[in-house]
There are 2 protein chains.
Amino acid sequence: MTAIKESSTIQQNKQFALEQCPVTYVMEKIGGYWKPIILYHLSQGDKRYSELRRAIPAITEKMLIQHLKQLEVDDLVLRESKPVVPPFVTYRLTSSGRGLIPVIQAMADWAFREVRGEFADRIHASASEG
Amino acid sequence: MTAIKESSTIQQNKQFALEQCPVTYVMEKIGGYWKPIILYHLSQGDKRYSELRRAIPAITEKMLIQHLKQLEVDDLVLRESKPVVPPFVTYRLTSSGRGLIPVIQAMADWAFREVRGEFADRIHASASEG
DNA sequence: ACAAGTACTTACCCTAAAGTAGGTGCCTAT
DNA sequence: ATAGGCACCTACTTTAGGGTAAGTACTTGT
């Protein structure tokens, strides 16, 4: 067991931090507003850059490319470019990225349940108004 | 079906936005760095203010109370204070908040899988170094 | 008398994240 | 000839999220 030498303390700290709060680790990778939204769209299938742009009209190009680059260095997203003109660039989830699909899916499920709940409340309120 | 009158367009927009991207709805509620971390600790059981503080040493009091208040108005967290001195305030998840447990749990699961993966990679790399 | 613990609140500051608005190079369609 | 689509890049500015440090009110412990 001589593997992991000097860096073992880092690893131990990481293990420690993880036991303290695993969610912190996740936030370091996909914290912020846009990343989970981008990941959601990629979870629906591989997308070209321009497809992502159209799928998320509210995001600026700067934010989109910036987060895509970061997701790439964090090995959550893979960028594949065909050397043609006009450019043809595809983004897809890596296997780590696909590991986040349950998270994204749980988020989507919750959102639907919440809004259905509001809907039901509203009908109920209107009904009891007379 | 005359329930929902003037406000129906808002509701329709919400439904539309939700179909476009349910994750956006989630981000409006729990986006940012700290909220999921707070929710994780509350998912482990009801906590007093000071317990949360100790559980999340990296957070400042300002951030903690600020996000707790916001989670309260968003009906994800319930604040219960006993009128005693010294104060005794407990925070717990509401039913909406409990609905997020699968999200938080999926995050925690992913974090553990990721770090185990890194660990395995590291051992593998060291082994093939000689 | 003083520190420490409870659960906050307030004022000030700073930085990192995000928005604005341009440009690049190359091609196709009108 | 000009506009538009592709996938970006860059400089500048704004905003909001977060950090620092102090104070509040009341009680218990030493």
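Values reported hereafter were calculated over all heavy atoms of this structure, with side chains retained and with hydrogens, waters and symmetry mates removed. Letters A, B, ... are given to chains in the order of the sequence lines, protein chains preceding strands, and every chain is numbered from 1.
- When all heavy atoms are compared, the tightest approach of B:Arg48 to B:Pro87 is NH2-O, 3.2 Å.
- Computed from coordinates, the A:Lys82 NZ to C:dC26 C1' distance equals 18 Å when rounded to whole Å.
- For B:Thr94 (side chain) and B:Asp75 (main-chain N/O), a donor-acceptor pair under 3.5 Å exists by modelled atom type.
- When atom types are taken as modelled, the side chain of B:Gln70 and the backbone of B:His67 share no donor-acceptor pair closer than 3.5 angstrom.
- When atom types are taken as modelled, the side chain of B:Trp110 and the backbone of A:Val23 share no donor-acceptor pair closer than 3.5 angstrom.
- Checking B:Glu61 against B:Tyr49 by side-chain atom types alone, a donor-acceptor pair falls below 3.5 Å.
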With B for base contact, S for sugar-phosphate-only contact and - for none (protein heavy atoms under 4.0 Å), nucleotides 6-19 of chain D reads BSBS-B------BB
